[in-house]
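Notes to accompany the following structure.
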2 protein chains.
Amino acid sequence: MALAEHACSRESAVAARIDSAPCNACPVRSMSVCSALEVDELKRLADILVSVKVDAGHTLFAEGDGADTLFNVTAGTMKLYKLLPDGRRQITGFLLPGDFLGLSINDTYAYSAESVTPATLCRFPRRRLEGLLEDYPKMQRRLFAMASSELAAAQDQMLLLGRKNAKERIASFLLMLSERAKRRGYAENPVHVPMSRSDIADYLGLTTETVSRTFTQLKTSRVISLLEGGKVRLNDLEILQELAEGA
Amino acid sequence: MALAEHACSRESAVAARIDSAPCNACPVRSMSVCSALEVDELKRLADILVSVKVDAGHTLFAEGDGADTLFNVTAGTMKLYKLLPDGRRQITGFLLPGDFLGLSINDTYAYSAESVTPATLCRFPRRRLEGLLEDYPKMQRRLFAMASSELAAAQDQMLLLGRKNAKERIASFLLMLSERAKRRGYAENPVHVPMSRSDIADYLGLTTETVSRTFTQLKTSRVISLLEGGKVRLNDLEILQELAEGA
DNA sequence: ATCGTGCCTTGATCTAGATCAAAGCGAGAG
DNA sequence: CTCTCGCTTTGATCTAGATCAAGGCACGAT
């Protein structure tokens, strides 16, 4: 029996305590921290989590907020970003189902989190999840592995932001989206690109205009095709790969 | 009794099995993974590590090499970097004593590691360290905390690379170095800047010329002073902070 | 001492991408 | 059906920082 409530400090979100055997049927179980746990252990996880549904454009939390909840994306796409005082924005990552968010060193979030599409997430009280990590070292290890691969992705992104030109950035971005979709079992070619030009720009350190022009260039040179509903067909993976590395 | 040997596949490095009670006296014990262990537990760590000394400019390992060793910096400064096929380089981080390197998701390094100054490191066989992590969950947790804070630093760096201008980048860089030095108990103001202009450029996504000009500008406006031996005095932290955030 | 060989700095010019400006275009509201 | 409003595309111009080009300076080797 699900009960609706107001979930977050910001705007409205619908939260529902999971009825029964929740995690077992979870579509992202195999992708996330949960994959570290056995069926019976999952019960303890289910006990501390609440499922949250949000509309597109919902701010889950903002940089500097007290970081007492962690989340796991189960459906939809989220974006994480940082702002400079004058409003310049850097999106540090897009999250897909299975991704974790909310980790922080001190006790405040180091970035803001907002949904790109309608999304659902599992919400965990930080303290209680930490308790679980103490009891289940394999879960701790799994979380460490996830953080490590995020770190590797962050280093790739530094190379992109520091040294690649606009075309290389867009090519890399499309390949990355396609690769991630594939590993989660979604369509990898036509790849779904749900975020706006302006989000892409803020992720790649460009402007909307440059992103738009570069998409047009790639389309004109037949390397990609822009389809309906935010889908992009990658017509020549090989060329795209070369473009991405500037070879 | 120390025995010298050739350590790495690349160039020569001097490795020495530690004689006795090694970690106890280690200058960076409190800063690194080791801080998670008690004196008696440290013995097991000491058993699997070898101390390595390298000259400045020594390549410890290269991107793509088999990642079967991990390192902990005990003295000196290291740099990690990624290369594009045409030689463009992005330095993804500078490591100070206490920092860990060598983590990888698959079994190859995702970046190259080279010493900026003469350095000493502890070298661990990956398998055996992983064994230790299984036995000591608190060490696992400590490593996770270190990875998390590296991740947070990487996100800051994305903001810098994606959205800050040259002056903001240099100001941020100097403040970051000073802050890190402070937390490790080194001099924070005149701050030691051991890396070349070209390394700084490749870390900040600029060219040597721009780095040099920007240092000159900051010097001319009396915000910093360039001292002997790669030291930089930060004359006005407040202004520097404002410059860094573009306020 | 003198010579090189790498840095580092400074100057002149160029350019990729930003900025400024103005149409298209499309989905939801009325 | 038509009107908006927000997003996207395209065009014209501008500029921060890259690139090209000399010198200057310091330190190790001869």
Side-chain angles (χ1 to χ4, degrees), chain A residues 55-57 79 84 86-91 114 116-118 160-174 193-221 224-232 243 246, chain B residues 55-57 79 84 86-91 114 116-118 160-174 193-221 224-232 243 246:
Chain A
D55 292 336
K79 65 189 177 204
L84 286 171
D86 64 1
R88 279 174 289 174
R89 182 178 69 150
Q90 178 66 37
I91 291 182
E114 186 180 325
V116 172
T117 65
L160 179 149
L161 291 170
R163 291 301 183 213
K164 290 186 181 180
N165 65 31
K167 205 184 249 183
E168 290 161 357
R169 291 180 199 209
I170 297 286
S172 305
F173 175 66
L174 290 172
V193 182
M195 57 290 285
S196 69
R197 294 287 181 258
S198 140
D199 280 351
I200 298 175
D202 282 348
Y203 181 60
L204 299 179
L206 300 170
T207 58
T208 44
E209 293 94 329
T210 299
V211 169
S212 179
R213 280 187 245 273
T214 308
F215 267 105
T216 306
Q217 271 179 256
L218 289 174
K219 189 180 65 177
T220 306
S221 60
I224 63 171
S225 309
L226 302 181
L227 312 179
E228 307 248 288
K231 296 250 189 296
V232 176
L243 281 180
Chain B
D55 293 335
K79 64 187 178 206
L84 286 171
D86 64 1
R88 278 173 289 171
R89 182 177 68 151
Q90 179 65 37
I91 291 182
E114 184 180 326
V116 172
T117 64
L160 179 148
L161 291 170
R163 290 302 180 212
K164 290 186 182 180
N165 66 30
K167 205 183 248 185
E168 291 161 357
R169 291 180 197 209
I170 297 287
S172 305
F173 175 65
L174 290 173
V193 182
M195 57 291 284
S196 69
R197 294 290 180 258
S198 140
D199 280 351
I200 297 174
D202 282 349
Y203 181 60
L204 299 179
L206 300 170
T207 58
T208 44
E209 292 95 327
T210 299
V211 170
S212 180
R213 280 186 245 272
T214 308
F215 268 106
T216 306
Q217 270 178 258
L218 289 173
K219 189 179 66 177
T220 305
S221 59
I224 65 172
S225 307
L226 303 180
L227 311 179
E228 306 249 288
K231 298 251 189 294
V232 177
L243 281 181

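The chains referred to below are lettered A, B, ... by the order of the sequence lines, with proteins before strands, and numbering in each begins at 1.
One interatomic measurement links the two molecules: CG of B:Leu204 to P of D:dG17, which rounds to 12 Å at whole-angstrom precision. C:dG11 atom C1' lies 14 Å from atom CD of B:Gln217, rounded to whole Å. Summarising the geometry, the separation between CD on B:Glu228 and P on C:dC7 is reported as 19 Å, rounded to the nearest angstrom. With rounding to whole Å, A:Leu161 atom CG is found 20 Å from C:dA16 atom P. The separation between A:Leu218 atom CG and D:dT9 atom C1' is 15 Å, rounded to whole Å. Regarding B:Ile200, its CD1 atom lies at a distance of 16 Å from the P atom of D:dG17, rounded to whole Å. Whole-Å rounding puts the A:Lys164 NZ to C:dG17 C1' distance at 18 Å. The distance from atom CG of B:Leu226 to atom P of D:dC25 is 15 Å, rounded to the nearest whole Å.
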Report each atom pair, protein N/O against N/O of nucleotides 20-24 of chain D, whose distance is under 3.5 angstrom.
{"from": "D:dC20", "atom 1": "N4", "to": "B:Glu209", "atom 2": "OE2", "distance (Å)": "3.1"}

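In this structure, B:Arg213 contributes its side chain and B:Thr208 its backbone to no donor-acceptor pair below 3.5 Å. Within the 3.5 Å criterion, the main-chain N or O of B:Arg88 finds no donor-acceptor partner in the side chain of A:Arg163.
Listed pair B:Ser212 / C:dT9 meets the phosphate criterion, a side-chain N or O lying under 4.0 Å from OP1 or OP2. The shortest distance between the side-chain N/O atoms of A:Ser198 and the OP1/OP2 oxygens of D:dC7 is not below 4.0 Å.
For the pair B:Ser172 and B:Leu160, the tightest heavy-atom approach, listed with the atom from each and the gap, is CB-CD1, 3.7 Å.
Test B:Leu218, B:Leu243, B:Ile224 against B:Ile170 for side-chain contact (heavy atoms from CB on, under 4.5 Å) and you get one pass: B:Leu218.
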Q) Would A:Arg169 and A:Leu161 satisfy side chain to side chain contact (heavy atoms under 4.5 Å, CB included), going step by step from the backbone distance to the final call? A) CA-CA 8 Å; A:Arg169 291 180 199 209; A:Leu161 291 170; 4.1 Å; yes
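Side-chain proximity of A:Arg197 to D:dT10, D:dT8, D:dG17: nearest is D:dT8. When distances are taken from the side chain of B:Thr207 to each of D:dT9, C:dT10, D:dA18, the shortest belongs to D:dA18.
Partners of B:Arg89 according to the side chain to side chain contact (heavy atoms under 4.5 Å, CB included) rule, which considers only residues two or more places apart in sequence or in another chain, are B:Lys79, B:Tyr81, B:Leu83, B:Ile91, B:Ser198, B:Asp199, B:Asp202.
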(Q) Using a 4.0 Å heavy-atom cut-off to protein, can you give one letter per nucleotide of nucleotides 23-28 of chain C, 5' to 3': B if the base is in contact, S if only the sugar-phosphate is, - if neither? (A) ------
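Within 4.0 Å (heavy atoms only), A:Gly230 reaches no atom of the nucleic acid at all.
Both A:Leu206 and B:Thr208 lie close to DNA chain C; mapped to their nearest nucleotides by heavy-atom distance, the more 5′-ward contact belongs to B:Thr208.
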